[in-house]
Asks: 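Structure incoming, see below.
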Amino acid sequence: MKKTIVICGATATGKTEHAVVLGKYFDTAVISADSQLIYKGLNIGTAKPTLAEMENIQHYMIDIIEPNLSFSVAEYTTMAEPIIANIEAQEKPPILCGGTGFYIQSLLFKRSLGTVGRDNQFRKYYQELAKLKGNTYLFEELKKVDIQTAEKLHVNDVNRVIRALEIYALTGKKKSEQVEGFSPKREYIAIAFDYDRDTLYTKINQRVRNMLKLGWIDEVQQLLKQGVMPDMQSMQAIGYKEVISYLSNCIGYNEMLELIQRKTRNYAKRQITFFKKFPNLTWISPNTNIVKKVKELL
RNA sequence: GCCUCGGUAGUUCAGUUGGUAGAGCAAGGGACUGAAAAUCCCUGUGUCGGUGGUUCGAGUCCGCCCCGAGGCA
């Protein structure tokens with residue numbers, strides 16, 4: 001079985017185009033690992049590859065869900081797993097490309113995610129509870145049922161505290177019982193581009209400016225017309241809410257631009273932190289010959 | 001020219017009745033097991049515009065100068 005080729009790293013480092021180059025060379029398909037590219041209608045703002053950019057290389061896990069729906073890693077894994085298995089069956093190396101480290105992990109490592117789905121009612125209830133009684137109250141609730149998980153979390157990490165409570169409420173089992181660690185599921189090589197911070201930030205700033213020029217604002221208007229609401233998961237993608245604020249005259253154009261640039265920079269930094277710890281990842285200089293490098297690593 | 005208000009961390013500003021400074025944001029570092037472009041944690045020394053003075057001691061009071069905003073001529 002061929003090893004999976006992973007192209008990951010921060011946003012705006014040219015992952016997409018390099019994946020296409022590799023796709024051509026190895027005559028194989030690309031599987032996107034990006035939590036926002038899955039949404040239909042979010043194109044410019046997510047830097048979704050266009051048909052032209054894909055250059056006839058098959059791309060999976062893009063445009064697979066309506067923008068008014070929510071999505072999660074688990075669903076991602078369930079959908080992507082058969083695809084990747086199919087490519088492997090053809091004795092071709094799957095190319096996994098994207099900036100969502102969490103999604104990449106889910107395909108490379110066996111993880112005890114459990115079978116517990118999301119319970120929106122439950123989450124809403126506890127979110128309200130946190131607002132009314134404070135984060136500490138929720139945290140104490142978690143301590144009562146699952147002290148091990150509570151010890152790993154911070155009181156203010158409400159999302160995770162609620163998830164732990166959710167698992168207990170729905171299954172009667174502790175989240176800490178489900179942990180299995182990270183045993184590898186398939187062989188892979190992983191590459192990320194190592195830009196110095198200043199260069200990366202400059203690239204990000206330019207890219208955001210360009211997205212707006214390409215019609216990002218129209219795209220957002222279109223989504224709003226379709227009934228997509230600001231609190232939906234798809235609208236948590238960087239920039240969309242800022243464009244909405246601009247459209248409703250809450251902020252000016254420049255403020256919107258700078259806000260989006262800043263948030264994207266912050267995001268890139270978080271991605272870098274995540275990938276620093278990623279096992280077996282090779283950081284390469286941006287002008288490295290990707291094909292040569294990949295062959296070398298394989 | 002006169003009057004008023006400002007000039008404090010990269011930035012926006014706090015700084016009680018004088019005891020050599022502190023928040024948000026930025027920036028940097030980190031976490032991450034069904035919201036992950038999300039969520040969360042840690043890190044704050046800077047000629048307190050300059051310069052004289054009063055004082056044991058001044059960002060804080062007084063004089064002069066420089067810069068910015070506004071007002072009156």
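Values below: every heavy atom of this structure, side chains too, minus hydrogens, waters and symmetry copies. Below, chains carry the letters A, B, ... as their sequence lines are ordered, and counting in each starts from 1.
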Asks: Mind telling me whether A/His18 and A/Phe193 have parallel, tilted or perpendicular rings, with 30° and 60° as the class edges?
Replies: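 Rings of A/Phe193 and A/His18: tilted, as their planes differ by 30° to 60°.
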Asks: Within the structure, does a side-chain N or O atom of A/Arg163 lie under 4.0 Å from either OP1 or OP2 of B/G34?
Replies: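 Checking B/G34 against A/Arg163, a side-chain N or O does come within under 4.0 Å of OP1 or OP2.
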Asks: Distance-only, no hydrogens or angles: does the A/Gln236 side chain make a donor-acceptor pair with backbone N or O of A/Pro230 under 3.5 Å?
Replies: yes
Asks: Between A/Arg118 (CZ) and B/A38 (C1'), how many Å, whole number?
Replies: 12 Å
Asks: Using whole Å, what does the distance between atom P of nucleotide B/C32 and atom CZ of A/Phe278 come to?
Replies: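 Rounding to the nearest Å, CZ of A/Phe278 and P of B/C32 are 13 Å apart.
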Asks: Can you measure A/Asp198 atom CG to B/A26 atom P for me and round it to whole angstrom units?
Replies: 17 Å
Asks: Using the C1' atom on both, measure B/C48 against B/G7 and round to a whole Å.
Replies: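 Approximately 10 Å lies between the C1' atom of B/C48 and that of B/G7.
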Asks: Separation of A/Lys276 atom NZ from B/C32 atom P, in whole Å?
Replies: 14 Å
Asks: Checking the side chain of A/Glu55 only, and the main-chain atoms of A/Val20 only, is there a donor and an acceptor separated by less than 3.5 Å?
Replies: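 No, A/Glu55 side chain to A/Val20 backbone: no donor-acceptor pair under 3.5 Å.
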Asks: Among residues 251-273 of chain A, which residues get a heavy atom nearer than 4.0 Å to RNA chain B?
Replies: A/Arg262, A/Arg265, A/Asn266, A/Tyr267, A/Lys269, A/Arg270, A/Thr273
Asks: Any heavy-atom pair between the side chains of A/Tyr39 and A/Asp63 that's under 4.5 Å?
Replies: no
Asks: Verify, without hydrogens or angle tests, whether A/Thr4 (side chain) and A/Pro94 (backbone) share a donor-acceptor contact under 3.5 angstrom.
Replies: no
Asks: If you pin A/His154 and A/Tyr103 to their nearest nucleotides in RNA chain B, which one's is more 5'?
Replies: A/Tyr103
Asks: Would you please name every residue forming a side-chain hydrogen bond (donor to acceptor under 3.5 Å, both in side chains) with A/Lys40, sequence neighbours left out?
Replies: A/Glu66
Asks: Would one find more than 12 heavy atoms of other residues, nucleotides or ligands at under 6.0 Å from atom CD of A/Glu187?
Replies: no
Asks: Check step by step if side chain to side chain contact (heavy atoms under 4.5 Å, CB included) holds for A/Thr100 and A/Leu37.
Replies: CA-CA 10 Å; A/Thr100 307; A/Leu37 294 192; over 6 Å; no
Asks: More than 12 heavy atoms of other residues, nucleotides or ligands under 6.0 Å from CG of A/Asp231: is that the case?
Replies: yes
Asks: Both distances under 3.5 Å, Watson-Crick or G-U wobble: on that basis, could you give the dot-bracket string for RNA chain B, with [ ] for crossing pairs and | for other-strand partners?
Replies: (((((((..((((........)))).(((((.......))))).....(((((.......)))))))))))).
Asks: Which of residues 126-137 of chain A have a heavy atom under 4.0 Å from RNA chain B?
Replies: A/Gln127
Asks: With a 3.5 Å cut-off and just heavy-atom distances, do the side chain of A/Asn159 and the base of B/A38 make a donor-acceptor pair?
Replies: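 No, no donor-acceptor pair under 3.5 Å.
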Asks: Please tell me if the side chains of A/Tyr76 and A/Phe102 come closer than 4.5 Å, counting only heavy atoms from C-beta onward.
Replies: no
Asks: Examine the base of B/A38 for any acceptor or donor lying under 3.5 Å from a partner atom in the side chain of A/Arg160, and report the outcome as yes or no.
Replies: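 Pair found.
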Asks: What residues, two or more places apart in sequence or in another chain, satisfy ring pair (Phe, Tyr, Trp, His ring centres under 6.0 Å) together with A/Tyr246?
Replies: A/Tyr253
Asks: Once you apply a heavy-atom cut-off of 4.0 Å, does A/Phe71 come out as touching a base, just sugar-phosphate, or nothing?
Replies: sugar-phosphate
Asks: Check A/Lys293 against A/Ile191 and note the closest heavy-atom contact, atom names and distance.
Replies: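 Between these two residues, the closest heavy atoms are CG-CD1, 4.2 Å.
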Asks: Near RNA chain B, counting only heavy atoms under 4.0 Å, which residues of residues 233-242 of chain A show up?
Replies: A/Gln233, A/Gln236, A/Ala237, A/Ile238
Asks: Less than 4.0 angstrom between a side-chain N/O of A/Thr46 and OP1 or OP2 of B/A37, yes or no?
Replies: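 Answer no for this pair, as no side-chain N or O of A/Thr46 is under 4.0 Å from OP1 or OP2.
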Asks: Which residues pass the side chain to side chain contact (heavy atoms under 4.5 Å, CB included) test with A/Gln206, sequence neighbours left out?
Replies: A/Thr202
Asks: Going by side-chain heavy atoms closer than 4.5 Å, which hydrophobic residues are tied to A/Leu51, directly or by a chain of links?
Replies: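 Same cluster as A/Leu51: nobody, lone residue.
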Asks: Roughly how many Å apart are B/A27 and B/A38, using the P atom of each and rounding to a whole number?
Replies: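 One P to the other, the span is 14 Å.
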Asks: Give the residues of residues 199-228 of chain A touching RNA chain B, defined as any heavy atom closer than 4.0 Å, sorted by residue number.
Replies: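 When residues 199-228 of chain A is checked for heavy atoms under 4.0 Å from RNA chain B, the hits, listed by number, are A/Tyr201.
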Asks: Are there over 12 heavy-atom neighbours, none belonging to A/Glu91, within less than 6.0 Å of that residue's CD?
Replies: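 Counting other residues, nucleotides and ligands, CD of A/Glu91 exceeds 12 neighbours.
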Asks: In whole angstrom, what separates A/Asn156's CG from B/C40's P?
Replies: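 Taking CG of A/Asn156 and P of B/C40, I get 8 Å after rounding.
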Asks: Taking OH from A/Tyr76 and C1' from B/A36, how many angstroms apart are they, rounded to a whole number?
Replies: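 Computing the A/Tyr76:OH to B/A36:C1' distance gives 13 Å.
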Asks: Check the pair A/Phe275, A/Trp283 against ring pair (Phe, Tyr, Trp, His ring centres under 6.0 Å), reporting the backbone distance first and the verdict last.
Replies: CA-CA 10 Å; A/Phe275 287 115; A/Trp283 293 87; 7.2 Å; no
Asks: For B/A69 and B/U55, measure between their P atoms and round to the nearest Å.
Replies: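 Their P atoms lie roughly 38 Å apart.
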Asks: Could you check whether any side-chain N or O of A/Glu219 sits under 3.5 Å from a backbone N or O of A/Asn43, counting only pairs where one atom can act as donor and the other as acceptor?
Replies: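 Yes, the answer is positive, given that a donor and an acceptor are paired below the 3.5 Å cut-off.
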Asks: Taking B/G22 as the reference, what is the distance to B/U45 when you measure between their C1' atoms (whole Å, please)?
Replies: 12 Å
Asks: Is it the case that over 12 heavy atoms from other parts of the model lie below 6.0 angstrom from the NZ atom of A/Lys3?
Replies: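 Buried by this count: over 12 neighbours within 6.0 Å.
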Asks: Take the protein atom CG of A/Asp157 and the nucleotide atom P of B/C42, then report the distance between them rounded to whole Å.
Replies: 12 Å
Asks: For A/Leu153, which fellow cluster members are found when Ile, Leu, Val, Met, Phe, Trp and Tyr are connected by side-chain heavy-atom distances below 4.5 angstrom, either directly or through intermediates?
Replies: A/Phe122, A/Tyr125, A/Tyr126, A/Leu129, A/Tyr137, A/Leu138, A/Phe139, A/Leu142, A/Val145, A/Val155, A/Val158, A/Val161, A/Ile162, A/Leu165, A/Tyr168
Asks: Can you list everything that forms a salt bridge (Lys or Arg N to Asp or Glu O under 4.0 Å) with A/Lys185? Sequence neighbours excluded, please.
Replies: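 For A/Lys185, the residues satisfying salt bridge (Lys or Arg N to Asp or Glu O under 4.0 Å) (neighbours in sequence not counted) are A/Glu81.
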Asks: Report yes if at least one side-chain N or O of A/Arg123 is closer than 4.0 Å to OP1 or OP2 of B/A35; otherwise report no.
Replies: yes
Asks: Can you tell me how far C1' in B/A26 sits from the matching atom in B/U12, rounded to whole Å?
Replies: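 Per the computed distance, 11 Å lies between those C1' atoms.
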Asks: Test your reading of the model: is there a side-chain donor-acceptor pair from A/Thr78 to the backbone of A/Ala74, 3.5 Å cut-off?
Replies: yes
Asks: For the C1' atoms, the ones on B/A9 and on B/C65, what distance do you get once it is rounded to whole angstrom?
Replies: 26 Å
Asks: Select base, sugar-phosphate, or nothing to describe what A/Gly101 touches, counting heavy atoms under 4.0 Å on all strands.
Replies: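 No contact.
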Asks: Say you pick atom C1' in B/C5 and the same atom in B/G19; how far apart are they, in whole Å?
Replies: 28 Å
Asks: Please list, by residue number, the residues of residues 34-44 of chain A whose heavy atoms come closer than 4.0 Å to an atom of RNA chain B; answer none if no residue qualifies.
Replies: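 Within residues 34-44 of chain A, the residues near RNA chain B are A/Asp34, A/Ser35, A/Gln36.
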Asks: Write down the distance between CD1 (A/Ile162) and C1' (B/C32), rounded to a whole number of angstrom.
Replies: 16 Å
Asks: Please give the distance between the P atoms of B/G70 and B/G57 as a whole number of Å.
Replies: 40 Å
